[in-house]
Participant: 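The following block contains the structure, expressed as structure tokens.
Naming convention: chains lettered A, B, ... in sequence-line order (proteins, then strands); numbering from 1 in each chain.
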Amino acid sequence: MYAEVALNIPIDKTFVYRVPENLVEKLEKGKRVIVPFGRKDFLKTGIITDIKEKTEVNPSFIKEIFDIPDSFPLFTENTLKLAEEIAKRYASGIGETLFFFLPSGFIIDESTYIYLIKDEKVKGKTERDILNFLKEKKGKVKLVTLNRRIKGSVYQAVKNLIRKGLIGKEEAITYPSLPSKKFVSLLKEETVRGAKEKLLIELLKEKKEISVDEIKKSGIKSHTIKRLQEKGIIEIFEKEILLDIKKQELEDKRKITLTSDQKKAFEKITNGKNETFLLYGVTGSGKMEVYLNAAREIVNRGKSVLILVPELLLTPELRARVESYFGENIAVFHSKLSKKELTSQWIKAIKGTTKVFIGTRMALMLPIKDLGLIVVDEEQDVSYKEQQKPLYHARDMAIKRGKIENCPVVLVSATPSVESYYKGITGEYIPLELKKRISEIPLPYIKVVNLSEEKKVGIFSQPLITAIKNTIKKGEQVLLFINRRGFFSSGFCPECGFVAECNDCAVPLVYHKSVKKLICHICGKTYKPVYRCPKCKTKLEFKGYGTERVEEEAKVLFPEGKIIRLDQDSVKDPIRGAKLISDIKKGKYNIIIGTQIASKGHNFPKLTLVAVLLADVGYLLPDFRSSERVFQTIVHTTGRAGRFKPGAAIVQAFEPENPAVKYAREYRFELFYKEEIEARKIFNYPPFSFPVLLEFQLERSSKFKTVESKFNVLKEKLSPYFNVPPLTPAPIPKIAGRYRFTSFLRASSEENLIKGVNLLKNEMQLLFKGIRYKIDVEPVYLL
DNA sequence: AGCACGCCGACT
DNA sequence: GTCGGCGTGCTC
Ligand SMILES: [Zn+2]
Ligand SMILES: [Zn+2]
């Protein structure tokens, strides 16, 4: 008996292992295996992707599976299929893909550790660096970490140092942190005096083992437990637990009568087979009620539900709202959970003890059985695209999963992506429109101010100043949206044109007044501020606006305002961030200056005026979606106003006649889509083409010539599948010290895309060994 | 990816 | 000679 095993190495290949007699019974697809691998037979964690009687591989090369530790698989048959699809579409390997999604708590790997014996003079630079690193670290360091942190031939140098007796090595296994809990059991029966002590012993007589958590619930303090342990009466031990199951009946905590539009959508979804629905309608039209009701119906039929949400939307508020439908028996899944929590949620999925899962894009692969519905909320959100390998799009792969699981998928949005909207028209998706708002409160009136004509004080136009003053006078709140944090873009020299840029990235630095530093928003590197041109000593001029600069101007203009900044910088610390948000809700502030963070997820009841300060900057960026993003920012941000009582919005723009601005203001979304779809068609952008962004990241720009000539050879081979433009410097030509060259390939059909990507992946591997590159299929960021 | 091996210039 | 930097190839 043989098992095909996928390992966490970046080659698109599985490995064949023999299954020993004693493990045949435990053999199952999707299960975790521990196998020896490589020359050193280091133990590695793998996933069984297939089981076979025969194999082509030479029997003398085949090794034996070391262990199958679990009684259950970590991937279902369906999620294994999904992983294969992802690997195929996004130029990734099956092993790479599986291990990208699998929580690291499941991984047991053996590796080499290095430690210092004595420090002596050595000649080689790499050897010196290694000794210094070990001296600084004190203790054992993984060989791989050395290799990552030190440049040069680390492996060679380590070998030499071992031979010289300066360092030592040992092999060790990293143990996984499966969810565990402390338990207590009785060692001997002895009479004790204390009432609490007696109680604990009584409890232990009844039940052999009780978890410390549970003991504490009956009013016994931890020092009591400790004292009995010291006396040798009880014993405390760690025990692996799979999960703590909270069984709860689903009850109608919310009695909501759906409108007729909502009811229609609900019926369509709950009667769905494996269609993709596009559920759309303006803010406040009750989209969430529809999908939560549908989800509850599906759960009542005994099936499970997966709800995907963008990163910033997974707030306690949202969780509470979902809990109001399902009780506490829901599981969240996102990157802020700990290793143990992630493994625990994963197990809940595979065991089927929880029926409702809500998470970010990484929740896509949860091994949920009997999936009856997948929801993708805010389907247009860019955070659904993974930015590391595998560069998958969770919305598109959710649709794929729906087909594999044979269940309906609902895409939800107030402003669908142009691609999804178009597919709603062609019938690929079934459109479900909610035309009316639920409440009587009208949508905010949007006033557009022309920034190139109107009088301004700083960034504030006269109409905006008046509106802000009136709003805070009434005791209500104002949100000022600006799409950048920091103060302003660092200076440029009017004499010689010098611009303060990051040394590693070709982007202007942003001045952050609060920390008095220049910060690169691409790589995060900080610099001391410069005020004079280093070349000609002219005083630098500053331009651009960030939240900090808006805040400073607002303080002068509105001395009566209670102003707060709400951006990544101010909510970095989660505890302080949560406090900030609750303070805003309480009305402690009346002028909120925020970025994306402020325009998503949170409802501020007293907010009645929203302003988009620079609505159409970014409109001219070389990205075919820039217009769509302007449109979405305006609709989403202005939609924050007047959730609870009528509100208004002001949009400041340089070109008010720009369709993205005009149609957002008039709430004539269908006209925006019509024009945008027309433009996409003319210029052959998605949904009319299937792009791949090929990006080289070169250490030296001088390497470009050889890369380019090799690329031109490849170009010919790719031409049956892609339109291949020449390799050119990326719009941001340098990031983190690497020179970026890109080619924006376009396939005319999905079939060509998949075939072409496969060819591209294989050819690139052969042609560009030792060169860093990225194959971004259907990219979201083009800069 | 992680690791070994083999090639080649530089330096005892 | 041989040390150490670097490119190449293999892993069931
Ligand atoms: Zn100058
Ligand atoms: Zn930078």
Participant: Heavy atoms under 4.0 Å, any strand shown: does A/F37 hit a base, just sugar-phosphate, or nothing?
Facilitator: base
Participant: Can you tell me the distance, in whole Å, between the NZ atom of A/K40 and the P atom of C/dC12?
Facilitator: 14 Å
Participant: What's the closest nucleotide to the side chain of A/R148 if the choices are B/dG2, C/dC12, C/dC3?
Facilitator: B/dG2
Participant: Report yes if the side chains of A/L102 and A/N8 come closer than 4.5 Å at any heavy-atom pair, otherwise no.
Facilitator: no
Participant: DNA chain B: A/Y155 or A/K123, which has the more 5' nearest nucleotide?
Facilitator: A/Y155
Participant: Rounded to whole Å, how long is the line connecting atom CG of A/L166 with atom C1' of C/dC3?
Facilitator: 15 Å
Participant: To the side chain of A/S153, which of C/dG5, C/dG4, C/dC12 is closest?
Facilitator: C/dG5
Participant: When we call it a touch if two heavy atoms are under 4.0 Å apart, what does A/K125 touch: a base, just sugar-phosphate, or nothing?
Facilitator: sugar-phosphate
Participant: Answer yes or no for A/K13 and A/F15: cation-pi contact, defined as NZ/CZ to six-membered ring centre under 6.0 Å and angle to ring axis within 45°.
Facilitator: yes
Participant: For DNA chain C, whose closest nucleotide is more 5', that of A/K769 or that of A/T126?
Facilitator: A/T126
Participant: Which part of the nucleic acid, if any, lies within contact of A/E127, taking any heavy atom under 4.0 Å across all strands shown: a base, the sugar-phosphate backbone alone, or nothing?
Facilitator: sugar-phosphate
Participant: Where the side chain of A/L143 is defined as all heavy atoms beyond and including C-beta, which of B/dC3, C/dG4, C/dC12 is the nearest nucleotide?
Facilitator: B/dC3
Participant: Name the orientation class of the two ring planes belonging to A/Y392 and A/F100 (parallel below 30°, tilted from 30 to 60°, perpendicular beyond 60°).
Facilitator: perpendicular
Participant: Return the nearest nucleotide to the side chain of A/V57; candidates are B/dA1, B/dA4, C/dC12.
Facilitator: C/dC12
Participant: Output the rounded distance in Å from CZ (A/R128) to P (C/dG5).
Facilitator: 13 Å
Participant: Out of C/dC12, C/dG4, B/dA1, which has the shortest distance to the side chain of A/K63?
Facilitator: C/dC12
Participant: Between A/E96 and A/R39, which has a closest nucleotide on DNA chain B that is more 5'?
Facilitator: A/E96
Participant: Hey, mind stepping through A/F704 and A/Y739 against ring-ring contact (aromatic ring centres under 6.0 Å, His included) and telling me if it holds?
Facilitator: CA-CA 9 Å; A/F704 175 65; A/Y739 297 86; over 10 Å; no
Participant: To the nearest Å, give me how far apart CD1 (A/I11) and P (B/dC3) are.
Facilitator: 15 Å
Participant: Report yes if a side-chain nitrogen or oxygen of A/K159 is closer than 4.0 Å to either non-bridging phosphate oxygen (OP1 or OP2) of B/dC5; otherwise report no.
Facilitator: yes
Participant: Between A/D50 (CG) and C/dC12 (P), how many Å, whole number?
Facilitator: 19 Å
Participant: Looking across every strand, which nucleic acid part, if any, lies under 4.0 Å from A/G38 by heavy atom: base, sugar-phosphate, or nothing?
Facilitator: sugar-phosphate
Participant: Please determine, for the side chain of A/T112, which listed nucleotide (B/dG2, B/dC3, C/dT11) has the closest atom?
Facilitator: B/dC3
Participant: Atom CZ of A/F99 to atom P of B/dA1: distance rounded to whole Å?
Facilitator: 15 Å
Participant: So, is A/N160 close to the C/dG4 phosphate, meaning a side-chain N or O under 4.0 Å from OP1 or OP2?
Facilitator: yes
Participant: What does A/N58 touch in the nucleic acid at a heavy-atom separation under 4.0 angstrom: a base, only the sugar-phosphate, or nothing?
Facilitator: nothing
Participant: Just how far, in rounded Å, is P of C/dG7 from CD1 of A/I771?
Facilitator: 10 Å
Participant: When we call it a touch if two heavy atoms are under 4.0 Å apart, what does A/Y2 touch: a base, just sugar-phosphate, or nothing?
Facilitator: nothing
Participant: Please report, rounded to the nearest Å, how far the C1' atom of B/dA1 is from the NZ atom of A/K142.
Facilitator: 12 Å
Participant: For A/I62, answer base if it contacts any base atom (sugar-phosphate contacts may also be present), sugar-phosphate if it contacts only those atoms, and nothing otherwise; contact means non-hydrogen atoms under 4.0 Å.
Facilitator: sugar-phosphate
Participant: Is it the case that the side chain of A/R89 and the backbone of A/V777 share a donor-acceptor pair, with hydrogens and angles ignored and the cut-off at 3.5 Å?
Facilitator: no
Participant: Minimum heavy-atom separation for A/M397 to A/L82, with atom names?
Facilitator: O-CD1, 3.6 Å
